[in-house]
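None of the values given here were measured: they were computed from a predicted structure. Convention: sequence-line order gives letters A, B, ...; per-chain numbering from 1.
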2 protein chains.
Amino acid sequence: MATRLKRKPAISRARSEEQRQAKLEAILAAALDVFVEKGFSDARLEDVAARAGVAKGTIYLYVASKEALFEAMVHAGLAVPIETVEQKILALDLPAEATLRMLFAFLRQEVLGTQRKQIVGLILSEAGRFPEIAAVYHREVLSRGMRLLRRVSERAVERGEFQSDELSRFPQLAIAPGVLALVWTNLFGHIEPLDVEDMFEAHVALLMRALKGPPA
Amino acid sequence: MATRLKRKPAISRARSEEQRQAKLEAILAAALDVFVEKGFSDARLEDVAARAGVAKGTIYLYVASKEALFEAMVHAGLAVPIETVEQKILALDLPAEATLRMLFAFLRQEVLGTQRKQIVGLILSEAGRFPEIAAVYHREVLSRGMRLLRRVSERAVERGEFQSDELSRFPQLAIAPGVLALVWTNLFGHIEPLDVEDMFEAHVALLMRALKGPPA
DNA sequence: CGTGCTAATGACTGGACGGTCAGTCAGATG
DNA sequence: CATCTGACTGACCGTCCAGTCATTAGCACG
């Protein structure tokens, strides 16, 4: 038995491992499409299977249930290099203004410009009914983002770059237009498009004038 | 026939009309609860009926389908006196700062503090899959709100109260923290509460400093 | 009190879909 | 080549529920 366990897997697993991973990714990608299009409840696992090029039963060899599929998909999509960004930004040690511009460029290119935008949209839609998803997203994305922004603001205050501390107290104010852009483009973009780049630019300009100016 | 139509309805309609209205309202109120709790797809009409104190079939005497029920509920919930607010604000002709404070107070008390918050949350959740709802909400709420904010900003610029025009170009920047507050309290409020009043205060302070200060 | 009408009911139907599992077959093994 | 294995399949099961409709309740009127 020990021999069997050592020899055979060494060959067939090596091969199967790639395939397994590739198949899982295909399933998760298909799931993203279908969940985005229909929402969690109306998404049909048969559609996911068809789009992934497997049979329905196969999905259950990779995930335990429809809900687990949803969570796996969100997790995979959230493998955002947010930690990398976080450390890079803190290491670069740029002025707060440059840092904020970097963050908004990141937001536009890596979130709004990719399918991550749809994952976040899905979270906004479904998190109310999936406390688990809400908690994961809060822990892995939100709280880190808020902490990063708070540090940037605090550092700018210490250095005298900022004259006031509203951003240290409410880092949410910095990304609020990001949330709005996401919601707006997802829901109303086809009715009234929003020039996200210009809006972000105007936002940073306003923020800098307010924070660098004389304290109230 | 003419006599019947004139006489009998005059009595029985008068009575039935009240009851009919009351029953419809009960159904819509029940629908709000259930839709908020479960989302559109997972909401069961039997639950709505039970909560409204009627039988399932009765719902179909008032609305044509589950989707029509959802739309009727949103419509009823959107009977926001936004037009009144709009005209009052334009008539009062206060300084832009006072106007913005009024708007945020309104937002806190009349939206975030009531079940309208839940209706808006429902719209954010479901509008992606209900283009009709998205369009109605955009037409009746969003575009009016944006127009109002734009006018306030333009007027302030003309008067010299504001030194720059970012808000005229992107009124969205003014309400972005409102959207964030709504999303945050709906999804993450139980994990990390947000002091909405303080945040709004900080937001208005920042905005005023940026807009009243010297142009960039 | 009987008659006629509408509002209301809730058992029922038809279809949809999450999840299961007996069976298939490609490829590994000896 | 014969055998074995386990990944994969898809028909099937049980359940759920939107929407229907035959039946009943409630009420006005003569």
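Look at CZ on A/F70: it is 17 Å from C1' on C/dG18, rounded to the nearest Å. One interatomic measurement links the two molecules: CD1 of B/I27 to C1' of C/dA7, which rounds to 12 Å at whole-angstrom precision.
In this structure, A/F104 and A/F200 have tilted ring planes: the angle between them lies in the 30° to 60° band.
Using modelled atom types, no side-chain atom of A/S153 and backbone atom of A/R150 make a donor-acceptor pair closer than 3.5 Å. The closest donor-acceptor contact from the side chain of A/D165 to the backbone of A/S168 lies at 3.5 Å or more, if one exists at all. Between the side chain of A/H190 and the backbone N or O of B/P131, no donor-acceptor pair lies under 3.5 Å. Remark: side-chain polar atoms of A/S41 are not paired, donor with acceptor, to backbone N or O of B/D42 under 3.5 angstrom.
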Going 5' to 3' through nucleotides 8-20 of chain D and flagging B where a protein heavy-atom sits under 4.0 Å of the base, S where only the sugar-phosphate is that close, and - otherwise, we get BBB------SBBB
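Rounded to the nearest 0.5 angstrom, B/L149 CG and B/I89 CD1 are separated by 8.5 Å. The distance from atom CZ of A/F40 to atom OG of A/S125, rounded to the nearest 0.5 Å, is 13.0 Å.
No more than 12 heavy atoms of other residues, nucleotides or ligands sit less than 6.0 Å from atom CD of A/E46. Within 6.0 Å of CD in A/E197 there are 12 or fewer heavy atoms belonging to other residues, nucleotides or ligands.
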Start with the C-alpha distance between B/Y62 and B/R20, add both sets of side-chain angles, then the distance that settles side chain to side chain contact (heavy atoms under 4.5 Å, CB included), and finish with yes or no.
CA-CA 9 Å; B/Y62 291 83; B/R20 196 182 159 75; 3.6 Å; yes
For DNA chain C, the dot-bracket pattern of Watson-Crick and G-U pairs whose distances stay under 3.5 Å, | for other-strand partners:
||||||||||||||||||||||||||||||
Pairwise N/O distances under 3.5 Å, protein to nucleotides 22-26 of chain D:
none

